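The structure appears right after this line, and notes come after that.
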There are 2 protein chains.
Amino acid sequence: MTLPVPPWEQRAPKRRPAKLPLSREAILAAAFRILDAEGLDAVTMRRIADELDTGPASLYAHVANKDELYALLLDQAAGEMRLSEPSAEHWQDRAKEFIRELERVLVSHKDLGRAALARIPTGPNSLAASEALLALLRAGGVPDQDCAWAADILSLYAVAHAYENGLHLLQAGGEEAGIAYVAAIGQYFRQLPTDRFPNIVELAGLLTTGDGDVRFEFGLDLLIRGLASRAADAKRDHG
Amino acid sequence: MTLPVPPWEQRAPKRRPAKLPLSREAILAAAFRILDAEGLDAVTMRRIADELDTGPASLYAHVANKDELYALLLDQAAGEMRLSEPSAEHWQDRAKEFIRELERVLVSHKDLGRAALARIPTGPNSLAASEALLALLRAGGVPDQDCAWAADILSLYAVAHAYENGLHLLQAGGEEAGIAYVAAIGQYFRQLPTDRFPNIVELAGLLTTGDGDVRFEFGLDLLIRGLASRAADAKRDHG
DNA sequence: ACCTGAACACCGTTCAAGT
DNA sequence: ACCTGAACACCGTTCAAGT
């Protein structure tokens with residue numbers, strides 16, 4: 001049994017319990033909520049403002065612009081990476097784990113990887129991650145210039161893959177729809193004219209097998225083999 | 001006996017000199033003009049319509065939506081690639097040339113590479129390019145599954161690099177500004193606290209040396225070495 | 001110092017109406 | 001069939017005004 005509320009105590013129903021004071025943290029938290037639910041495209045200044053019961057202009061007291069906001073999201077995500085210690089003997093495994101971890105964290109925030117493309121990360125968490133990767137590679141005896149460029153290339157690979165993976169996951173509306181889409185592409189390849197596209201037709205099956213993970217591992221294997229091969233060459237030439 | 005001319009076939013006297021009839025070709029041409037001058041962000045339905053002296057709604061009679069338009073741009077660009085014949089002995093060089101060519105064509109259209117990310121190309125020119133790449137790899141004796149996945153990974157590498165390169169070229173407002181930006185990043189790395197970021201500080205120079213091209217070649221070397229290494233392993237295991 | 005409403009200059013896409 | 005104007009539901013960012 002519920003008692004009637006006297007008219008003088010009736011309030012407009014507040015959909016949100018308490019309006020927290022605006023802050024960079026609150027803005028980032030709201031941004032992550034939207035990002036994780038709907039993807040990066042939904043993370044607009046106006047949506048965030050909505051989420052915080054204010055107007056879009058209010059955000060600009062705490063964040064320079066949307067680009068800086070994305071950089072902050074990225075650095076916060078970088079802080080979620082679990083970094084491991086260098087190991088001379090197992091540098092290849094450690095490097096692989098690092099790149100997997102970067103990809104994992106990015107995909108866990110949908111298509112956040114897109115925000116990492118074409119940006120040199122300079123936030124504290126991103127720097128700590130780069131530092132760890134460089135340490136991993138140097139411990140393995142990879143030449144310094146290779147370490148520097150490899151850190152760049154390996155991260156680019158993780159980011160690009162994370163973006164593709166995250167977007168598929170998002171727009172297909174789940175893992176299953178993504179698989180169905182790839183299967184449909186396979187069918188499309190199979191029915192192409194054999195005289196013009198013999199290799200595509202013949203390899204249609206192989207082109208569309210493997211989920212994101214095994215394809216990711218394949219590229220990772222190529223890159224690390226390449227690095228090891230160069231490191232071996234350098235050792236031979238030098239010593 | 002003359003048939004009546006339907007109203008829509010009657011030609012209105014053209015008051016302005018050069019208004020071509022709308023067509024997919026005219027729309028694509030206008031889109032490329034904007035793209036090559038200002039980059040992908042400027043290629044909006046409304047800008048294209050402006051360029052063609054019409055309203056944005058008119059474009060939808062020729063193009064399903066903006067996403068299809070981007071796919072068409074991409075396939076037309078793929079048609080600009082110069083493809084080479086397979087060669088068993090020189091498959092590594094041929095594969096490298098292919099990836100360089102893909103990157104070159106994309107960068108020649110500013111940041112068009114972005115439109116290639118997270119999209120499986122299905123247009124005729126893109127298919128012809130994929131077909132050529134698969135032929136190149138198979139001629140070199142790369143195992144079929146490796147060919148299939150490598151075609152994907154190598155293209156992803158070219159596309160991701162082209163996007164970064166194209167964007168730097170665009171937003172820096174030219175080659176020189178881009179170099180200045182990288183140099184500034186180098187200075188930033190150098191003044192970081194040595195205790196927290198020893199490797200970044202020490203490698204600051206190496207991290208920021210090399211223009212886009214030599215960094216691109218480095219990654220390409222890693223990938224092709226990796227492929228060759230796998231191919232050698234497969235040969236050993238199998239024969 | 002922080003927040004706000006209103007405005008500016010844009011978007012992609014739809015739809016009924018025109019030729 | 002093709003094209004159009006107007007509208008809808010959005011954007012990022014600025015700015016003068018408020019507290």
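Owing to the predicted nature of the structure, the values given are computational and were not obtained by experimental measurement. Proteins come first, then strands; the chains are lettered A, B, ... in the order of their sequence lines, and each starts at number 1.
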Original post:
Are any non-hydrogen side-chain atoms of Asn199(B) and Leu133(A) less than 4.5 angstrom apart?
Top reply: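 Of all side-chain heavy-atom pairs linking Leu133(A) with Asn199(B), none is under 4.5 Å.
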Subject >> Validation row: Arg104(A), Met81(A) side chains within 4.5 angstrom (heavy atoms) >> reply: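 Of all side-chain heavy-atom pairs linking Met81(A) with Arg104(A), none is under 4.5 Å.
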What's the [atom1]-[atom2] distance between [X] and [N], to the nearest Å?
X        : N       : atom1 : atom2 : result
Asp41(B) : dT13(D) : CG    : P     : 12 Å
Asp50(B) : dG5(D)  : CG    : P     : 12 Å
Leu59(B) : dC3(D)  : CG    : P     : 10 Å

**OP:** Determine yes or no for a side-chain-to-main-chain donor-acceptor pair under 3.5 angstrom, with Ser126(B) supplying the side chain and Thr122(B) the backbone.
**Re:**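 Absent.
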Subject >> Flag for Glu103(A)-Asn165(A): side-chain donor and acceptor within less than 3.5 Å >> reply: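 Yes, side-chain donor-acceptor contact under 3.5 Å.
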Subject >> Point-to-point distance, once rounded to the nearest 0.5 Å, from CZ of Arg114(B) to OH of Tyr163(A) >> reply: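 That separation rounds to 8.0 Å.
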**OP:** Between protein and nucleotides 7-12 of chain C, map the contacts as a letter string: B base, S sugar-phosphate only, - none, heavy atoms under 4.0 Å, written 5' to 3'.
**Re:** B---BB
Using atom [atom1] in both nucleotides, what's the gap between [N] and [M] to the nearest angstrom?
N      : M       : atom1 : value
dC2(D) : dA16(C) : C1'   : 15 Å
dA1(C) : dA17(D) : C1'   : 15 Å
dA9(C) : dA9(D)  : P     : 23 Å

**OP:** Considering just the side-chain nitrogens and oxygens of Ser58(B), establish if one lies under 4.0 Å of OP1 or OP2 belonging to dT4(D).
**Re:**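 Indeed, a polar side-chain atom of Ser58(B) lies that close.
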**OP:** Using a cut-off of strictly less than 4.0 Å, decide whether His62(A) has a side-chain nitrogen or oxygen near OP1 or OP2 of dA1(C).
**Re:**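 Answer no for this pair, as no side-chain N or O of His62(A) is under 4.0 Å from OP1 or OP2.
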Subject >> Pair Glu38(B) + Lys110(B), salt bridge at N-O below 4.0 Å >> reply: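 Not counted as a salt bridge, because no side-chain N and carboxylate O are separated by less than 4.0 Å.
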**OP:** Determine, for Glu101(A) against Arg82(A), whether the closest basic-nitrogen to carboxylate-oxygen distance falls under 4.0 angstrom.
**Re:**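 Yes, this pair counts.
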**OP:** Both distances under 3.5 Å, Watson-Crick or G-U wobble: on that basis, could you give the dot-bracket string for DNA chain D, with [ ] for crossing pairs and | for other-strand partners?
**Re:** ||.|||||...|||||.||
**OP:** Give a yes or no on this: more than 12 heavy atoms of other residues, nucleotides or ligands lie within 6.0 Å of atom CZ of Arg33(B).
**Re:**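 Check passes, neighbour count above 12.
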**OP:** Select base, sugar-phosphate, or nothing to describe what Ala61(B) touches, counting heavy atoms under 4.0 Å on all strands.
**Re:**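 Answer is nothing: Ala61(B) stays at 4.0 Å or more from every strand.
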Subject >> Aromatic plane relationship, Phe216(A) with His161(A) - under 30° parallel, 30 to 60° tilted, over 60° perpendicular >> reply: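 If you compare the ring of His161(A) with that of Phe216(A), the planes turn out perpendicular.
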